[in-house]
Structure formats: structure tokens, C-alpha cells
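Just so it is clear, the model here is predicted, and its values are computed rather than measured.
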Amino acid sequence: MSTLLRIADLGVRYGARDVLLGLSLEVQRGEIVALMGPSGVGKTTALRVIAALQPFHAGQIEVDGFALEPGPVPPQSRLTRLRRHVGLVFQAHALFDHLSAKDNVTLALRHVLGKTDAEADTLARELLGSLDVGRRADALPRQLSGGEAQRVAIARALALDPALLLLDEPTAALDPARRGALSATLKGLAGGGRGLLVATHDSEFAKGTADRVVALTA
Amino acid sequence: MPVSALIIALLLVFQGPTLRWGGDAEGGAPFVEADPADASRVRGFDVEVAETIARGLGRRAQFVQVQWASIDQSVERGDFAIGMSGVEDTQTRRARHSVTVPYFEFREVLAVRPEDAGRWRSLADLKGRRVATLGATMAYDLLLATKNLIPISYDDDVHPYSDLAAGRVDAVLLDHIIAERALKRGQGVRTFVIQPQAVATGYYVAVLAKADSALRDSVNTVLVAAMRDGTLEQIYRRWDVWDEAQGELFGRIDCVSGTQCAVSGTASLRTAHGAPLTPYLPSLARAALITILLSLLSMAMAVVVGLMLASGRVYGGRFTRALTTVYIEIVRGTPLLLQLFVIYYGLAGVVRLPAFLAAILALGLNYAAYEAEIYRGALEAVPSPQLEAARTLGFSEVQILRLVRGPQALRYALAPMTNDFVALLKDSSLVSVITVVELTKQTAIYATNVGSWIVPGLLCAVVYLAMSLPLARLARRFERRWSTT
């Protein structure tokens, strides 16, 4: 196994308040790591910092050889490599409301990777099918259930084939049966060689799904 | 306080009964103008004729300000008893109201720039040229009746001459009194000359409500007496408008009694163009087309400039945000009418914009400020997690705007945009102040000429509704379709 994500002594501050202090963790290829802790402890912040959506003031982050330095978030043009390596699934899914499930997936394939419409279409249908939402390809986000929307969001994050997938509270809107299915899906993704970092406060899900648990305390 | 109020009331009572007469002080000297010594009073030869009439009737004249084009409607409504200040004698007016004997003869004269004096002597010489005049006048009808000439209608009699000097129009056709006053205003600078040959002759009359024919007969008696005893001549000489034509006119008026007055040997009165509606249909259709074209082009401009302003407010740095905010607040905080005047007349020294272009610019730039706020709100209404999701997928900011934020913002903006377009369609009527004859202006001209607002008003409303109702329906459809997203 090789290290996909390495975080050392990460510190994030909002004004004078430390939101994260001294966080260190690693995620290997093929590994699922659960980032656990009560609400407000900084789990989501950690994911956002790794995805270069917000700045950090101390420590180091390295994603598959790409280093993020403390300070302001670099411009989007300098993050191309990071974007190819890291996918993020938001807690509220953040699907593009105006596009169908399939088009949520094809958008990046066409406009970021430069695939043709036909190629993007085939790939998107494969991805949605592998996540068991293939039959909902033409539905708009507002027509999807919570579980379906989440799987579409995972499919969209996987469109660029990232090595590291970050998931924020993936079980928040799922019933127990769906949690089991999600656990199986995530294990399948890890089995394919990806590394997964899952922020959750659901200890049962973490125990049943993750290879390791990193606990954050307030 | 009650004591002083009582004293004022008593003074008014002892001054005797009043004769309310309506005129337009905006028309200015020598007709009616605000007295420079006391702006609450008016002066002019029409003022003195009105006072002569009031005196003759044993009353005290009381002036009522009214827009010139509305004198007929106001007198019929009973706002005042007599309407004056350059009111022309027309058959339509005679048919619809009680009209006095003519008390002044005027000539329609052509004014051209000095260098054109040799080639443009009559209307026939002005084929394909732009000729300015006041809307809803005998002169305007003369221009409409002349083939291959472009009549330009103004709401006032000052700007036709300044626009002639500026080259925006090629000639001005107006009453000789107005033309001569404009020459004097030039203070020796000859920006135009008046062609000696009159295009037509007309008469000023006083107009009363149709039912007031008895009062009209009394007014006629007073007027004829004032012609005979030299009172009118003295007034006209005081205001420097006396000429031989007036003496001849007075000689031609033959009154057996106030009721039976006839003017012998005068030029025929202007007739309205045949049947009330049909002759106006082509010009109404053309005016409706201008309204549509103007609204479409202005809206297109408002959308483009509004998008730029909104982008500046949402994406710009501090300086750009401040600049766009200042623009939006200034434009939204000042009247569109003022902006029209500034762009058309105010900028004339720097850039001489054609009226239609100035109208598009003023409407477009004004509505851009409102559009900008709609677009800013719409852009900010797109949930930020979607924008972050797009960033994690590697889209550039431009791509995010084009593929994610823009399309959704457009959905939020479409309904208010459509409503704005309906509002713009109606606001486009304001551009008549800078000589663009659009639907409302054409309707006003038509209404003045036929002497009624009922048919023209209904027709105009139908055309506006035919344009705005489908748009309002469209806005509701947009709202219904995307309200649940």
C-alpha cells in the first residue's frame, strides 16, 4: 500500500478561534479511514481544507505527491492536479439543480476532461449503474430520494476518477438498510484501489466500514 | 389665523366674479409666460386678450395652467371657462367645442439654416428631409400631408430651433410668432432664417365647452368690440405682434350679433383628415412598431449592461464593486425623464446623438441598473455548495458561471426580467420628449386632432395590452415552472 494522503500538524483558525489544531493522519490506497468526533469538532473543515476549498494556517497536506501549503487557497488554475486526485461528496449532496442525474456526472467529463458527449454519456451511465441509480439517470435532483441523490453525488465525484474520495457525513439521511448498502459501495471503491476518508459521527457505521478510525476531540 | 383667512375671503368676494381661463405658460412669450417680476403671475398678449374678455364680461380673469395639448379636453371637463394661448381654429375644434371668432391671424413659416436658404424655400423642396414642429398642430398636419418628408414632432417650441442649429433637423415649420421669438432668442446670432413665403395661414381662437355657446356669444361681442375700438391693436403693438394682416382680419369679421359672426374672404380652415380613425391607422401602426423596436433594443442593451454590472458587483474587486454600486444607485435614484434630457440635449455639445439612438441609450442604461440588481440577486441565490462542488470537479470560475451558476440564475431572473420588459414597454412612452413619436405620442396627436380621448385611448390601450399581456403570461409560466426547484 502507498500513502495517498498525508496530513501533519494541521491547524485551521477562524479569526482567533482554533477550529483544528495539530491534526495528523494518513490514508493509504485501498484504505477507508473514518474521521470521527462530535458535531462542530472540525470534521467537515478538515475535508474542505484537503479539497482546497478553504485555507489553513499551519501544518502540511500532501495528496498523492501534491503539496498544499499554509496560507490562502491557491487559484483554481494551480489546483488542476489536486482536483484530478481528490473527489468530495458533500453532506447535502450539492447536486446541480438544473441538470439531470446523468448530466451532473457528464458535466465535468465533457468540460474538464474534454470527453465527447457520447463518451461522457456512456461513462456516466456506467458509473450510475455501478451505484445502482442507472434507472434514475434522467431524473432531476429534486425528483431523487436522499439515498439516490447521495449515490448520484458519489458518481459525480468519481467522474474524474480521483484516487482519494472524501465523504462528509454520508449516513446523515439514510435508514439502516441504506447504510449497509452504502458501506458495501464504499468497500467496493476501496477495493478498487482508492483511498477513502469519511467524516462521520456514526460510530456503528465507522466500525463496520472503516479500516481505521481517527478520533477528533473538541 | 381665522381672522386673516376671513379677510382674504372677503377680499376675494369683493373682487367680484371670476372668469377662469386656461393656457400654457410653458408656451412662453408673447402668448403666455410667467412674469419675470412675479413668477406667480402671467403676462403675454393672450393674457391681455383674456383680461379684456373678462373685463367686458364684468369679471376678473383668473389664469389656470394647463398643458397646451390638453386645453380642449380641460375646457370640456369644466376646469375653466375659456381656453386660449395660441389655440388654432380648426373644423374639428369647431365641431366639438364652442369656438370664438378668430382674434389673431398667423402664418406658418419655414425656418432653415442660412446656408440652405437658397435651396429649401417650401415644403416641396424638403423631400426626404427632417422637418420639425410642435405635435398636434396645424403645422404637424401640414407636414403629415406632405409626401416624402419626415415630420419630427416636439413637445415644446424651443428645441426645434436649437436642433435646427445643431443639424438634427433640416427645417422647422411653425407659427411666425414662434419663429420670430426664436430668432430674437438667438441674440443676433443667426443660426437660421425664416423664409418670406408663408406655407399657410391660420387663426388663433378661444375655445369653450360645447354647452357654453351662450358665453361664447358674449365673448364674441367683447372681442369684436375690442377689435373695433383698437384695444386689441394696442395689445398686439405692446407685444410687437401687430401687422397689417391683423387689421385686415378685424375688417373681415362681420358680426350681426355674438351668435352670427362670419369671417369673409379668409383662407379655408384646416380640416381634420377625413374620417376620424382610418387616416391615423398607418401612423398608429408605425408608432406601435417603433414602440416594439425601441423596447426590444433597449431591453437587449439593458440585459447586456445589466449582466456586466451584476458581474462587477458579484465578482469584482472593491473598486469595481463601488463603481457599479454608484452607477446603479444614481440611475435608480434619478428620473428616467431627466436621463433622457441629459443624454439627448445635455450631451448635444459633445456628441449629437440621433433621437432614436438616444432613446435606446437612455432606456437601456436606465433599465440596466434594475436588471443588474435582478441578476445579482439571482446569482447570489444559487446555493454556494453547488459552486464549491463545481470547484472540486476542476471547473474554472468562468466555466462555473457559464455551466452552473448562470443557467440557474437565469431561471430565477426570467420572471422578474419579463415583468421589467412589460414596464419598459410602457416607459418607452417617455421618449416622446426627445421627438421620438411612439405609440402614446401618436395617440395623443390623434386624440388632440379628433378632440376626444375615447377612441384613441381605447385603441392605444388595446395595442399595449396586445404586447404586454402575452409577456405577463410568459412571466407567470416561468414562475410556475421553476418555483419548485
Side-chain angles (χ1 to χ4, degrees), chain A residues 44 47-54 63 73-99 103-114 140-143 149 152-162 164-168, chain B residues 303 307 310-312 314-321 374-418 474-485:
Chain A
T44 299
L47 297 190
R48 289 173 57 82
V49 167
I50 299 165
L53 288 177
Q54 73 178 68
V63 183
V73 174
Q76 189 77 342
S77 57
R78 284 175 46 201
L79 292 171
T80 313
R81 198 169 149 213
L82 178 87
R83 299 298 185 210
R84 298 285 167 90
H85 287 273
V86 181
L88 171 61
V89 180
F90 290 73
Q91 182 179 349
H93 319 311
L95 291 175
F96 305 136
D97 286 332
H98 61 305
L99 298 177
D103 288 340
N104 261 275
V105 183
T106 60
L107 199 67
L109 289 169
R110 288 192 289 135
H111 296 281
V112 177
L113 294 186
L140 286 168
R142 67 170 188 269
Q143 297 164 326
V152 173
I154 294 173
R156 182 179 67 178
L158 292 174
L160 299 185
D161 197 18
L164 177 67
L165 188 64
L166 311 171
L167 295 102
D168 190 9
Chain B
V303 168
L307 278 174
S311 305
V314 175
Y315 292 105
R318 191 183 298 176
F319 180 71
T320 312
R321 283 205 307 272
I374 291 176
Y375 303 152
R376 182 183 63 81
L379 284 170
E380 287 174 353
V382 178
S384 59
Q386 287 190 41
L387 310 182
E388 291 187 328
R391 275 180 208 121
T392 65
L393 288 167
F395 290 104
S396 69
E397 290 301 326
V398 174
Q399 282 180 315
I400 293 172
L401 178 62
R402 188 165 60 84
L403 302 168
V404 178
R405 204 176 194 181
Q408 292 188 66
L410 181 68
R411 293 172 175 213
Y412 297 130
L414 264 178
M417 266 174 82
T418 317
L474 194 68
R476 278 200 297 278
R477 267 181 66 178
F478 286 141
E479 273 167 10
R480 272 203 302 274
R481 188 162 167 188
W482 286 312
S483 61
T484 51
T485 53

Quiz item: Is any side-chain heavy atom of Leu164(A) closer than 4.5 Å to a side-chain heavy atom of His85(A)?
Solution: no
Practice problem: Sort Arg402(B) into side chain, backbone, both or neither according to what part of it lies under 4.5 angstrom from a heavy atom of chain A. | Solution: side chain
Practice problem: Run the numbers on Thr320(B) and Tyr315(B) for side chain to side chain contact (heavy atoms under 4.5 Å, CB included), then give the verdict. | Solution: CA-CA 9 Å; Thr320(B) 312; Tyr315(B) 292 105; over 6 Å; no
Quiz item: Non-hydrogen atoms of chain B under 4.5 Å away: do they reach the side chain of Phe90(A), the backbone, both or neither?
Solution: side chain
Quiz item: Looking at Leu88(A), Leu95(A), Leu82(A), which has the largest count of heavy-atom pairs under 4.5 Å with chain B?
Solution: Leu95(A)
Quiz item: Measuring from Leu410(B):CG to Arg405(B):CZ, what's the distance to the nearest 0.5 Å?
Solution: 14.0 Å
Practice problem: Report yes or no: does His111(A) contribute a side-chain atom to a donor-acceptor pair with the main-chain N or O of Ile400(B) at less than 3.5 Å? | Solution: no
Quiz prompt | Residue, of Ser384(B), Ala389(B), Pro383(B), that accumulates the most heavy atom pairs under 4.5 Å with chain A | solution = Ala389(B)
Quiz item: Under a 4.5 Å heavy-atom cut-off, does chain A meet the side chain of Ser396(B), its backbone, both or neither?
Solution: backbone
Quiz item: What option among Leu113(A), Leu160(A), Leu53(A) has the most heavy-atom pairs under 4.5 Å with chain B?
Solution: Leu53(A)
Exercise. Measure Gln399(B) against the heavy atoms of chain A and call it side chain, backbone, both or neither at under 4.5 Å.
Key: side chain
Practice problem: Please flag which part of Arg156(A) lies under 4.5 Å from any non-hydrogen atom of chain B: side chain, backbone, both or neither. | Solution: both
Self-check item: Check: Gln386(B) main-chain N/O paired with Arg391(B) side-chain donor or acceptor under 3.5 Å
Solution: no
Quiz item: What distance separates Phe395(B) CZ from Gln76(A) CD, expressed to the nearest 0.5 Å?
Solution: 10.0 Å
